[in-house]
Number of protein chains: 2
Amino acid sequence: MNAPTNLTKNQALVFDALTRAEGPMSAYTILDKLRDHGFRAPLQVYRALEKLLELGLVHRLESLNSFVACSHTTEACCRHHGTVAFAICESCGQVSEFHDHAIDDRLAHFARSKGFKAEKTTIELRGLCSACAG
Amino acid sequence: MNAPTNLTKNQALVFDALTRAEGPMSAYTILDKLRDHGFRAPLQVYRALEKLLELGLVHRLESLNSFVACSHTTEACCRHHGTVAFAICESCGQVSEFHDHAIDDRLAHFARSKGFKAEKTTIELRGLCSACAG
DNA sequence: AATGTTGGTGTTATGTTATTACATCGGTTG
DNA sequence: CAACCGATGTAATAACATAACACCAACATT
């Protein structure tokens, strides 16, 4: 995916690092990758991430305390596909992002039935990808 | 829920603290609650939690880095209800645990289609409970 | 009884993730 | 110009989690 042009320098650097990585990175790993570009403190990374998360260009993996670039290549990106879910391989670290309307529907149904207003939904599978499971 | 009799002292103390709390607690919050009972170090809490998680008596909320007692009151507990999902109120902190076979089916279907072997599944909704949403 | 193994415990130190607080800088707007 | 806003830089600290090592009680084997 090409970065939008309206990113600031730090945001673009963080987004770039995540895009190149082709896998999840912790904020501190990102920091280390960007030291050569003038990054000195975690906050520089967290602030950029905060914006990128807002824009939907990056996702946070809660079960890993780390971050991935959104795997979508189109401008439309994830907002238009409902909730994002992740399958994370414990062995090779590969993350695949997917969407499932039926799951969205079930969660929406639950929320409606309980009067719960969901702001954010986390769905993460931890396990072994096909390559690593053999 | 009554604690099984086969818990060690530390495990029982941690389980008790979580059960009384009626809400999620971080490991360090648990530690503070148990100082009077002789707890001194985080590891004492983490070790007990590890066992309680194994036994299914406690769940970890990944998006909160904290822990709740399983809301089931029967011996059978959660293992027999498929994946556990949580609705977490950002305002009052209340957590409700639920199960949905349709979601399990969809996730299983995804996994099968990709050859992904899921070991653990995390489903967490963050938002406002009916009371707080008004 | 001696030995070995297993699982729980206690303690210190350290590693990893995230935020608070405060100062500054540059561009935009009234 | 002045006021403001968003981004940035820096230092310090808070919050979450694990590593390494020693000790001990329970139990099984010899």
Side-chain angles (χ1 to χ4, degrees), chain A residues 3-18 21 23-55 57-68 88 90 93 95 120 122 124 126, chain B residues 3-18 21 23-55 57-68 88 90 93 95 120 122 124 126:
Chain A
T5 55
N6 52 321
L7 295 181
T8 66
K9 186 186 164 206
N10 284 2
Q11 290 159 15
L13 284 166
V14 168
F15 181 70
D16 247 51
L18 276 174
M25 292 170 101
S26 77
Y28 280 76
T29 304
I30 295 169
L31 174 58
D32 286 339
K33 297 263 183 199
L34 294 180
R35 291 211 188 266
D36 294 345
H37 295 274
F39 274 50
R40 311 295 306 275
L43 204 50
Q44 297 176 283
V45 177
Y46 282 109
R47 287 203 274 228
L49 285 171
E50 183 180 17
K51 203 66 179 189
L52 294 168
L53 288 166
E54 252 178 66
L55 296 171
L57 295 172
V58 160
H59 302 294
R60 178 187 171 95
L61 300 175
E62 299 288 353
S63 69
L64 242 40
N65 291 326
S66 60
F67 304 85
V68 280
I88 303 165
E90 310 262 36
V95 172
K120 182 172 190 300
T122 298
E124 296 177 16
R126 303 282 298 268
Chain B
T5 56
N6 52 322
L7 295 181
T8 67
K9 185 187 164 204
N10 284 2
Q11 289 158 16
L13 283 167
V14 168
F15 182 69
D16 248 51
L18 276 173
M25 290 168 101
S26 77
Y28 278 72
T29 304
I30 295 171
L31 174 57
D32 285 339
K33 297 263 184 199
L34 295 180
R35 292 216 187 261
D36 294 345
H37 296 272
F39 274 49
R40 311 293 308 276
L43 207 50
Q44 297 175 282
V45 177
Y46 282 109
R47 288 202 273 228
L49 285 172
E50 183 180 16
K51 203 64 178 192
L52 294 169
L53 288 166
E54 252 178 68
L55 296 171
L57 295 171
V58 160
H59 302 295
R60 178 185 171 95
L61 300 175
E62 298 289 353
S63 69
L64 242 39
N65 291 327
S66 60
F67 305 85
V68 280
I88 302 164
E90 309 264 34
V95 172
K120 182 173 191 299
T122 298
E124 297 177 16
R126 306 281 299 268

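Letters A, B, ... are given to chains in the order of the sequence lines, protein chains preceding strands, and every chain is numbered from 1.
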Legend entry - Residue-phosphate contact under 4.0 Å: T8(A) side-chain N/O, dT8(D) OP1/OP2: yes
Inset, instruction - Round to the nearest Å and state the distance from I30(A) atom CD1 to dA18(C) atom P. - result: 10 Å
List, with names and distances, any nitrogen or oxygen atoms from the protein found under 3.5 Å away from nitrogen or oxygen atoms belonging to nucleotides 11-17 of chain C.
residue : atom : partner : partner atom : Å
dT17(C) : OP2  : S26(A)  : OG           : 3.4

Inset, instruction - Identify the two heavy atoms, one from T29(A) and one from M25(A), that lie closest to each other, and give their separation to 0.1 Å. - result: CG2-CE, 3.8 Å
Legend entry - Donor-acceptor contact below 3.5 Å, side chain E124(B) vs main chain I88(B): no
Legend entry - Nearest heavy-atom neighbours spanning L53(A) and R60(A): CD2-N, 3.6 Å
Inset, instruction - Please confirm whether the backbone N or O of S63(A) pairs with a side-chain atom of R126(A), one donor and one acceptor, at under 3.5 Å? - result: yes
Inset, instruction - Using atom CD of Q11(A) as one end and atom C1' of dT8(D) as the other, report the distance to the nearest whole Å. - result: 11 Å
Legend entry - Distance in angstrom units between K9(B) NZ and dA25(D) P, rounded: 14 Å
Inset, instruction - Report the distance from atom CG of L13(B) to atom C1' of dG8(C), rounded to the nearest whole Å. - result: 14 Å
Inset, instruction - Report the distance from atom CG of N6(B) to atom P of dG7(C), rounded to the nearest whole Å. - result: 14 Å
Legend entry - Non-hydrogen atoms of P24(A) and L61(A) that approach each other most closely: CB-CD1, 3.8 Å
Inset, instruction - Report the distance from atom CG of L49(B) to atom P of dC16(D), rounded to the nearest whole Å. - result: 13 Å
Inset, instruction - Evaluate the side chain to side chain contact (heavy atoms under 4.5 Å, CB included) criterion for residues V14(A) and F39(A): first the C-alpha distance (whole Å), next the side-chain angles of each, then the deciding distance (0.1 Å), finally the verdict. - result: CA-CA 10 Å; V14(A) 168; F39(A) 274 50; 4.0 Å; yes
Inset, instruction - Take atom CD of E50(A) and atom P of dT19(C), then tell me their distance rounded to the nearest Å. - result: 9 Å
Inset, instruction - Using whole Å, report how far CG of L31(A) lies from P of dT19(C). - result: 15 Å
